[in-house]
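The next block holds one structure in the form of structure tokens; read it before the comments.
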Amino acid sequence: MPPGIDQAQLDALFTAALEAGIARIEKYGTFFPLLFELRANGAIQNVAVLETGAIDGAQTVLDRFAELLKPRAREGTIRAAAIVLHHANRDMMEVRLRATDYAGDVQVPFAIARGGLLRRKRRLTLGEFTLSAAENEIF
């Protein structure tokens, strides 16, 4: 485990990100990447990012998130971060976990059940998670 971070904190960060992704898909059917931080005081915070700068053609939202998080990690404001993505074309979410000396991407496949006459309700059933090592572009 990364220095100063225990498995329970990493699990809590993962769970917060995953639950937010599930809620967004069930309510809206899709979502843009969501960003969560594990702050130095141990609190987990969902971060809203209002980006008004121009994005260069090769740069992505994930690159912007990394740029935003790097100084916060360097200053010690955050101890870990999670970015949850929705891969709509594959019915899968991905939670990218980053901390000092730790980087992993968790792929979370799901199936959607739809119901309701007037209001379309979605219900997700999660498949088996897959963890893969990743490059740590933040810490």
Side-chain angles (χ1 to χ4, degrees):
M1 276 295 82
I5 297 176
D6 62 31
Q7 186 65 50
Q9 290 174 311
L10 201 57
D11 289 347
L13 179 61
F14 170 77
T15 300
L18 180 62
E19 287 178 351
I22 291 169
R24 290 289 180 112
I25 291 173
E26 287 183 343
K27 185 169 184 176
Y28 302 111
T30 190
F31 64 88
F32 291 106
L34 303 171
L35 175 61
F36 289 80
E37 296 177 336
L38 174 62
R39 303 263 169 93
N41 66 3
I44 295 172
Q45 185 67 46
N46 178 229
V47 180
V49 179
L50 291 174
E51 184 55 60
T52 57
I55 293 180
D56 134 353
Q59 194 173 39
T60 69
V61 172
L62 297 176
D63 295 330
R64 285 289 191 164
F65 282 179
E67 284 179 20
L68 174 76
L69 292 168
K70 280 180 192 178
R72 298 174 61 71
R74 208 172 25 253
E75 295 161 1
T77 305
I78 62 171
R79 294 174 23 203
I83 300 170
V84 60
L85 310 168
H86 177 208
H87 298 287
N89 58 342
R90 296 185 297 183
D91 285 343
M92 182 173 60
M93 284 184 284
E94 180 178 357
V95 179
R96 295 176 174 218
L97 294 167
R98 303 294 187 266
T100 304
D101 298 329
Y102 182 85
D105 295 341
V106 182
Q107 288 75 38
V108 182
F110 61 83
I112 301 176
R114 292 176 174 83
L117 292 175
L118 299 176
R119 297 180 76 192
R120 299 292 291 166
K121 293 185 179 186
R122 295 174 201 85
R123 191 71 157 157
L124 262 62
T125 303
L126 302 181
E128 191 170 323
F129 299 2
T130 306
L131 172 66
S132 57
E135 178 184 335
N136 196 337
E137 66 277 44
I138 297 168
F139 288 85

To the nearest 0.5 Å, atom CD1 of Ile138 lies from atom CD of Glu37 at 9.5 Å
Using a 4.5 Å cut-off on heavy atoms from C-beta on, say whether the side chain of Ser132 contacts that of Gln107.
yes
Notebook entry, point to check: Does the ring centre of Phe14 sit less than 6.0 Å away from the ring centre of Phe36?
Noted result: no
Any sub-3.5 Å donor-acceptor pair from Arg24's side-chain atoms to Thr30's backbone N or O?
-> no
How about Asn46 and Leu35: do any of their side-chain heavy atoms sit closer than 4.5 Å? no
| query | Can you check whether Val47 reaches Arg72 side chain to side chain, under 4.5 Å on heavy atoms? | reply | no
Please check this pair: side chain of Arg122 against backbone of Lys27, looking for a donor-acceptor N/O pair closer than 3.5 Å. yes
### Message
For a 4.5 angstrom cut-off between non-hydrogen side-chain atoms, does Arg96 reach Leu62?
### Response
yes
Rounding to 0.5 Å, atoms CG (Leu38) and OG1 (Thr77) come to a distance of 12.0 Å
Value for CG (Leu34) from CD1 (Ile83), rounded to nearest 0.5 Å, stands at 10.0 Å
**Study point:** Exceeds 12 heavy-atom contacts within 6.0 angstrom, atom CZ of Arg123
**Key:** no
Val95 and Ala82 have their tightest heavy-atom pair at CG1-CB, 4.3 Å
(message) Could you go through Leu10 and Tyr102, starting from their C-alpha distance and side-chain angles, then the distance that decides it, and tell me whether this counts as side chain to side chain contact (heavy atoms under 4.5 Å, CB included)?
(response) CA-CA 10 Å; Leu10 201 57; Tyr102 182 85; 3.9 Å; yes
**Asked** Shared ILVMFWY cluster between Ile44 and Val106, side chains joined below 4.5 angstrom?
**Response** yes
Specify whether His86 and Phe31 have parallel, tilted or perpendicular ring planes, treating 30° as the upper limit for parallel and 60° as the lower limit for perpendicular.
parallel
_I'd like to know if the side chain of Gln9 and the backbone of Asp6 have a donor-acceptor N/O pair within less than 3.5 Å._
yes
Is there a donor-acceptor contact under 3.5 Å from the side chain of Asp91 to the main chain of Ile112? no
Requested in this report: Check step by step if side chain to side chain contact (heavy atoms under 4.5 Å, CB included) holds for Ile25 and Phe110.
Outcome: CA-CA 10 Å; Ile25 291 173; Phe110 61 83; 3.7 Å; yes
ask   = Below 4.5 Å, heavy atoms only, C-beta onward: do Phe32 and Leu85 meet side chain to side chain?
value = no
Original post:
Would you say the side chain of Leu18 lies within less than 4.5 Å of the side chain of Met93, judging by non-hydrogen atoms?
Top reply: yes
Is a donor on one side and an acceptor on the other found under 3.5 Å between the side chain of Glu26 and the backbone of Leu124?
yes
Do Arg98 and Glu137 come within less than 4.5 Å of each other through their side chains, counting heavy atoms only? yes
Legend entry - Side-chain heavy-atom pair Phe139, Leu69 within 4.5 angstrom cut-off: no
(message) Between Asn136 (side chain only) and Ala99 (backbone N and O only), is there a donor and an acceptor less than 3.5 Å apart?
(response) yes
Is there a path from Phe129 to Leu13 through hydrophobic residues (I, L, V, M, F, W, Y) whose side chains come within less than 4.5 Å of each other?
-> yes
Side chain to side chain contact (heavy atoms under 4.5 Å, CB included) between Arg39 and Arg79: does it pass, once the steps are laid out? CA-CA 6 Å; Arg39 303 263 169 93; Arg79 294 174 23 203; over 6 Å; no
Using a 3.5 Å distance criterion without hydrogens, assess whether the side chain of Asp63 forms a donor-acceptor pair with backbone atoms of Thr60. yes
Linking I/L/V/M/F/W/Y whenever any side-chain heavy atoms sit under 4.5 Å apart, do Val84 and Met92 land together?
no
